[in-house]
Structures are given as C-alpha cells and as structure tokens.
Amino acid sequence: MSATVPAVRSIPPPPVKGIVLVPALAMSIVETLYQTRNLSDGELTTLLETDQFDQELFRRSDGRRREFYGTDVYLRGLIELTNYCKNDCFYCGIRRSNVNLDRYRLSLDAVLNCCNTGYELGYRTFVLQGGEDPYFNEGRIVEIVSAIRKRYQDCAITLSLGEHSCESYQKFFDAGANRYLLRHETADAQHYAKLHPASMTLERRKECLWHLKEIGYQVGSGFMVGSPFQTTACLIADLRFLQQLKPSMIGIGPFLAHRDTPFSRYSGAEDGNRLSLTLRLIAVLRLMFPYALIPATTALGTIDPQGREQGLRVGANVVMPNLSPVEVRKKYELYDNKIFTGAEAAEYRQELEHRVAQVGYTIVTDIGNVKSDVSPFAR
Ligand code: SAM
C-alpha cells in the first residue's frame, strides 16, 4: 500500500489583495465520503482505481460499521433449495446448459430438517436460495414458506429464488417471507446483455426489485465484482442504482469462473485484483449505506481463505454459513472450488465464532434486522 498524499476535493480560492484568507481545510475523498455519504463519479473512479486510499477507507468503514452495528455479526443459514435453473446466465455453474451438473431438489421435509438443525445452532434467519426452477411454482414455494413460518415464528425467512411475478412475490410475503435477495448483477444495460442471454433484461430485474420493495420485503440487491467486461463505469452505475433503491441488504462478491460456462477462461489471473476491489467496494458501500446488512460472502471466502474475515474488517456484518444437507452442497456449484466445509458449514458454528472473534467481532444469535438510519446524515 503506498502512503501518498490523499487527493483533495476542493482547491482553495486564489488570495485576494489586502485580505488574509485562512484556507478551508481540504477534505480527502474518503473524508468526503464519510461525511456526505456520496462522491462524484470522478471521485469514485479515483477511489476505486487505486489502493492509495485503502488504509484510510478501511479505517473509516470499520468505524462506521461499529457506530451502527457495534462488533455484531449476524448469521444467516443458507439452504440451497434446488440447482435446477431455467436461465442460462453465462457466468453461473448451475445454468440450464450445463449438462455436467448432477441436479437435485430438496423436499419440504429436507428443508424443515435444515431449519431444525439451524434453529438448534442459534440461526434465526433462513435463506432459501435456488435456481429458477419451474418445479418450485408459486404454490410449492408458498407451501414451504408457510410450513417454516408455522414452526419458527421468531425467525426471518429470506427468499432468493430469482424473478417472479409481482402477484407471486405478494403470495410468498403473505405466507410469511420477510426478506428477498435479488442481485441486480450489473446496473449497466449493455454489460447486463454481455452476461446474460437476450431473454433476460436489466429492466425486468429492476422491475422485480421495485415490486419487492413496494410489497414490504426487506430487499437485498448487489452485484458481482470483476465479472467479464465490467468497467469502473459499470461499478459506478451499480452504486448509483443502489442509491435509488436503498436496499436493506447489499451482497457483493468476486466473480469466480466455472469450468462448464462460457466464461470458464476468465479464471485465475485476476483473482488478486477481484479480492482487493471487492474489499474496497464493501468499504465504499458501508460508507454510502451505513445501516445496510452487508455479507462477507462465500465467494469472498473462496477467492481467499481469509477473504470473509477481511470482508468483516472493512465493513461487512453478516455471514451466511451453509445449512443445506451435506450431500447436495457440492452440487450447488455456482463457480469452481466453492467452499462448503469447515467454517463455511453451519454446523461448525464454534469454528466460525472463533475465526470471527480473532478479527475482533462477535457472532450473535439474533434475527438481525436492518437498523433504522438515525444519524444526522440520514436522507
Ligand atoms: N436464481 C436466484 C437469482 O437469480 O437471484 C438465486 C441464485 S443465483 C445462483 C445467486 C447469485 O450467485 C447470483 O445473484 C450471482 O451474483 C451469484 N453467482 C452466480 N455465478 C457466479 C460466479 N460465477 N461467480 C460469483 N458469483 C456468482
């Protein structure tokens, strides 16, 4: 990390004859972001394209996280419902065209067993995630959500099951789901079209997010970092879209290649950059959205063995260990070498607690709702 002089935001005006001017203290980019929760596109570009500000950025983002959430880290138990998917996203290992994948679906009983195990271990949020599997139609999803809700009144039910009609989202909500995760993936329409087949559009993705918000879900969105063809301008578009949406949860993680996708060749070389850029973006997100629930994702833990701990140190405050039945974990392979044992696994809670404590944070048994924004900068 280079210790160069931070860029200044405002240049003091030239002196006027006869008047002694005390130059206003020029604010660094990080300080401006900390104080105003915003930066211009030019400033964001500067901040994202160098490691020059990282030290100050990470110090500020950790401070802001502590102001809102202390050292608490919330747990979400991830249940990978199905790896069938009707979509064919170019980056994703469970895409429809991957014929090498051994497909599975969890039964209602299997899902409830996962919840039971999770509840005993102190999990108070269950996240049902899966491909867009037509088998899990509106009725079946409602059945699963209702069954979980009936047994676990004190838990949050999060769905991450892709795009559905507004009516279906409403029915899932009425059945007891309270949160929905749907990453927008990239807020640049041209970039979106390079990551997805023509049948999928950014417009539709955004429409779903607005519907979810309107219904009353705590909404999570986010994007992959370092996906093929991504530029700094794409990342800035992502931040601007999030500023409009104001989601409760923001999930970002590095893109990782999967051998059986059209993007298989994008593996390896860029991983170091993707890690540092993801950490920088987590810090920026924490400063822009101090109240947000930001996970240290599995992808971050996959790209680097200490990736999740590093994510926590720069502003993340959620981890999502895997509660799925052990025999399906390997099959829900979105990218190569996905981690699913040790501290990634929900049942190793003690190991996870230890690793999180080592970097100065505390796993809590809590439903982990978003905090309301009461600071003087709240908009
Ligand atoms: N089908 C649901 C949806 O579309 O939101 C949820 C499942 S989807 C597989 C979950 C997330 O995995 C996606 O939003 C995407 O960001 C992430 N993902 C998929 N492939 C990935 C890859 N190769 N590298 C990193 N993240 C990936």
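Both counts, for ligands and for their atoms, begin at 1 and track the order of listing. Here the structure is a predicted model, which means the values were calculated and not measured.
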Please produce the table of protein N or O atoms sitting under 3.5 Å from N or O atoms belonging to ligand 1, one pair a line, distance to 0.1 Å.
from: ligand 1; atom 1: 1 (N); to: G130; atom 2: O; distance (Å): 3.0
from: ligand 1; atom 1: 4 (O); to: R205; atom 2: NH2; distance (Å): 3.1
from: ligand 1; atom 1: 5 (O); to: R205; atom 2: NH2; distance (Å): 3.2
from: ligand 1; atom 1: 14 (O); to: E185; atom 2: OE2; distance (Å): 2.5
from: ligand 1; atom 1: 16 (O); to: R183; atom 2: NH1; distance (Å): 2.9
from: ligand 1; atom 1: 16 (O); to: E185; atom 2: OE1; distance (Å): 2.7
from: ligand 1; atom 1: 16 (O); to: E185; atom 2: OE2; distance (Å): 3.4
from: ligand 1; atom 1: 23 (N); to: Y91; atom 2: O; distance (Å): 2.9
from: ligand 1; atom 1: 23 (N); to: L256; atom 2: O; distance (Å): 2.6
from: ligand 1; atom 1: 24 (N); to: L256; atom 2: N; distance (Å): 3.0
from: ligand 1; atom 1: 24 (N); to: L256; atom 2: O; distance (Å): 3.4

### Query
Does a donor on one side chain sit under 3.5 Å from an acceptor on the other, for E56 and S28?
yes
### Task
Look at the side chain of D336 and the backbone N and O of R259, then say whether any donor-acceptor pair between them is shorter than 3.5 Å.
yes
### Task
Check whether any side-chain heavy atom of V370 sits under 4.5 Å from a side-chain heavy atom of F289, and report yes or no.
no
### Message
We want to know whether Q358 and R355 form a side-chain donor-acceptor pair, criterion being a heavy-atom distance below 3.5 angstrom.
### Response
no
### Query
Judged by modelled atom types alone, do Q129 and Y332 share a side-chain donor-acceptor pair under 3.5 Å?
yes
### Query
So, E163 versus N87: side-chain donor-acceptor pair below 3.5 Å or not?
no
